Amino acid sequence: MEQQGAEGLIVAIIVLFSLCVILIILFTIFQKKKNVLLLKQAEDKKQFEKEINESQVEIREQILRNISWELHDNIGQLLTLAKIQLQNVAENPENIGEIRDNLTNILNEVRSLSKVINPDFITNINLGDAIQLEIDRFNRLNYIKSKLVVEGEPFIIEPKSEIVIFRILQEFFSNTVKHSRATELNVYLKYDQNTIEIEAHDNGKGFDMTKIPQNGIGLSTMKKRGVLINADINIESEINKGTKLTIKYYQTNHG
């Protein structure tokens, strides 16, 4: 009986020791996986912040280019016209009304520029207003006939996600104005609870999706940024039927 009791004790010790070893192994594996997960989360956060910073820089650069174009193509021409009108006002005093109207136009154009002169303007207004400013600029400068349609009840978007969405749209708008030969640009902004769907469609020359590398039109960069903010990005295009950009954003927290 004593021998059996001793054997039972030994077995119990072995089982207990084995359980301890298994628990230690499981804890070690858990810690390793936890550390890997934490490291990945840190890398994802670092990558997210990097993309946000890059988007902010690109927005600033695009705004400065837009201001340069407006000063040269629009305000510059209006000032030249005002100079000519002022030189001729002595001979044609009845034209003073035209001079007044032209100066009013110049003042309005300068006020419009002042709305976006701050490179961080996208962080101070909501996404819909930022898009509307772009649409208004296209129409004011006769670049392309544009419109924005908003559906649903707008809600506050995570600011960093807003920056990324606007930068994606800004890039699409720039390509449309520069390369598409489009005469119309329509943008639809649809709010639905915690989801936003944006469609931007031009009636330009389009292109064959099978013959142009996705990275050649910036789609890979758009999709990469979309993943960071929990958004689906897609571009569709057909020759002579225009190009459409679709953004589906699902509101989440990014910490």
Side-chain angles (χ1 to χ4, degrees), residues 51 54-77 109 112-113 115-117 119 121-122 127-150 162-190 196-229 231-249:
E51 291 292 342
E54 289 180 357
S55 295
Q56 288 176 319
V57 170
E58 290 169 359
I59 288 174
R60 293 188 185 101
E61 291 176 347
Q62 186 64 51
I63 289 173
L64 291 175
R65 283 193 292 268
N66 292 343
I67 291 172
S68 176
W69 292 335
E70 284 205 47
L71 288 173
H72 180 271
D73 296 344
N74 191 35
I75 296 178
Q77 292 179 9
E109 294 299 328
S112 296
L113 267 184
K115 291 181 180 180
V116 296
I117 197 68
F121 84 100
I122 182 60
L127 179 63
D129 289 341
I131 298 173
Q132 188 64 61
L133 281 175
E134 290 290 280
I135 296 298
D136 291 343
R137 184 172 66 87
F138 296 148
N139 288 324
R140 188 176 70 253
L141 300 178
N142 293 317
Y143 282 162
I144 185 172
K145 184 179 179 182
S146 309
K147 73 174 181 179
L148 170 65
V149 177
V150 180
E162 208 164 33
I163 290 172
V164 173
I165 293 173
F166 181 73
R167 177 53 196 158
I168 293 172
L169 285 169
Q170 194 180 53
E171 185 174 355
F172 180 81
F173 293 160
S174 179
N175 288 335
T176 294
V177 172
K178 289 181 181 178
H179 309 299
S180 74
R181 299 178 187 172
T183 59
E184 294 183 5
L185 170 65
N186 297 316
V187 182
Y188 300 91
L189 177 57
K190 305 174 185 177
I196 295 176
E197 182 172 348
I198 305 171
E199 289 186 5
H201 185 271
D202 67 51
N203 66 342
K205 62 182 181 179
F207 54 87
D208 187 342
M209 293 284 293
T210 63
K211 294 183 179 180
I212 296 183
Q214 290 189 345
N215 57 2
I217 58 174
L219 182 56
S220 61
T221 300
M222 290 181 182
K223 287 190 172 183
K224 179 181 177 182
R225 287 176 171 170
V227 169
L228 291 174
I229 62 170
D232 298 326
I233 312 294
N234 187 51
I235 284 185
E236 302 173 42
S237 186
E238 291 185 50
I239 294 177
N240 298 324
K241 291 187 177 181
T243 303
K244 181 173 74 172
L245 167 69
T246 303
I247 303 173
K248 288 185 178 181
Y249 169 75

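We use all heavy atoms of the structure for the numbers below, so side chains are in, but hydrogens, waters and symmetry mates are not. On a predicted model such as this, the values are computed, not experimentally measured, just so you know.
Taking both residues in full, the closest heavy atoms of Ala231 and Ile247 are given as CB-CG2, 4.5 Å, listed atom of the first, atom of the second, then distance. Taking both residues in full, the closest heavy atoms of Ile131 and Phe166 are given as N-CE1, 4.2 Å, listed atom of the first, atom of the second, then distance. Of all the heavy atoms in His179 and Lys205, the pair that sits closest is O-CE, 3.0 Å. In terms of heavy-atom proximity, Thr246 sits nearest to Glu197 at CG2-OE2, 4.2 Å. Here the closest heavy-atom approach between residue Gly128 and residue Leu148 is recorded as O-CD2, 3.7 Å. Annotation for Lys241 and His201: closest pair O-NE2, 3.8 Å, computed over non-hydrogen atoms.
Within 6.0 Å of atom CD in Glu184, more than 12 heavy atoms from other residues, nucleotides or ligands are found, so the atom counts as buried in its surroundings.
To the nearest 0.5 Å, the span separating CG on Asp202 from NZ on Lys244 amounts to 12.0 Å. Taken from CZ in Phe207 to CD in Glu238, the straight-line distance is 11.0 Å, to the nearest 0.5 Å. To the nearest 0.5 Å, atom CG of residue Leu185 and atom CZ of residue Phe172 are 6.5 Å apart.
In this structure, the side chain of Asn203 engages the main chain of Thr183 through a donor-acceptor pair within 3.5 Å. Although no hydrogens or angles enter the test, the distance criterion places no donor-acceptor pair under 3.5 Å between the side chain of Asp232 and the main chain of Lys248. Remark: the backbone N or O of Ser146 is paired with a side-chain donor or acceptor of Asn139 at under 3.5 angstrom. The backbone N or O of Gly206 lies less than 3.5 Å from no partner atom in the side chain of Thr243, so there is not a single donor-acceptor pair.
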side-chain contact (heavy atoms from CB on, under 4.5 Å) assessment of Met222 paired with Leu245
CA-CA 10 Å; Met222 290 181 182; Leu245 167 69; 4.2 Å; yes

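Counting heavy atoms from C-beta on, the side chains of Leu127 and Ile198 come closer than 4.5 Å.
Side-chain atoms of Asn175 and Glu171 form no donor-acceptor pair, as typed in the model, at a separation below 3.5 Å.
Ring orientation note: the planes of Phe138 and Phe173 are nearly perpendicular, at an angle over 60° on the 30°/60° scale.
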